[in-house]
Amino acid sequence: MTAQEWYEQGNACRKESKWHEAINCYIKAIELDPDSPAVEAKRMLDDIMAFYCKDMYNP
């Protein structure tokens, strides 16, 4: 898959509230293209998860 396809897959997962799958897709997109829009999408999703799911990062 291309970086764009991974980014779009991440967006689809995010819309279905599959947060971990979305983050993994964004990471794969970023690995293929460091300038991908997935960089900002992952950053925003990380911020959302850190705000709403504090226990996820602090077990």
Side-chain angles (χ1 to χ4, degrees):
M1 288 177 55
T2 66
Q4 183 65 28
E5 290 170 329
W6 280 116
Y7 170 67
E8 291 170 4
Q9 180 68 30
N11 287 341
C13 290
R14 180 183 47 81
K15 289 176 185 175
E16 296 175 10
S17 299
K18 297 178 181 177
W19 311 117
H20 294 290
E21 291 178 38
I23 289 173
N24 289 337
C25 290
Y26 292 148
I27 289 170
K28 290 177 183 176
I30 294 166
E31 288 174 354
L32 294 172
D33 178 10
D35 296 323
S36 169
V39 173
E40 185 62 27
K42 181 183 177 299
R43 183 178 303 126
M44 288 188 301
L45 194 53
D46 284 340
D47 289 345
I48 291 167
M49 296 300 289
F51 182 79
Y52 287 108
C53 304
K54 290 178 174 56
D55 292 338
M56 185 178 82
Y57 290 105
N58 299 308

Validation: residues 30-37 side-chain donor-acceptor distances under 3.5 Å, sequence neighbours left out:
from: D33; atom 1: OD1; to: D35; atom 2: N; distance (Å): 3.0
from: S36; atom 1: OG; to: A38; atom 2: N; distance (Å): 3.0

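- Scored by the side-chain contact (heavy atoms from CB on, under 4.5 Å) test, M1 finds E5, W6, Q9 as partners (sequence neighbours excluded).
- Pairs passing the salt bridge (charged side-chain N to carboxylate O under 4.0 Å, His left out) check and including a residue from residues 11-23, sequence neighbours excluded, read E16-K18.
- Judged as a side chain to side chain donor-acceptor pair (under 3.5 Å), and not counting sequence neighbours, the contacts of Q4 are E8.
- Listed by chain and number, the hydrophobic cluster partners of M44 come to none, as no ILVMFWY side chain reaches under 4.5 Å of it.
- The salt bridge (charged side-chain N to carboxylate O under 4.0 Å, His left out) test applied to K28 returns no partner, not counting sequence neighbours.
- For the atom pair Y26 OH and R43 CZ, the distance stands at 13.0 Å (nearest 0.5 Å).
- Remark: D46 engages K42 in a salt bridge, criterion side-chain N to carboxylate O under 4.0 Å.
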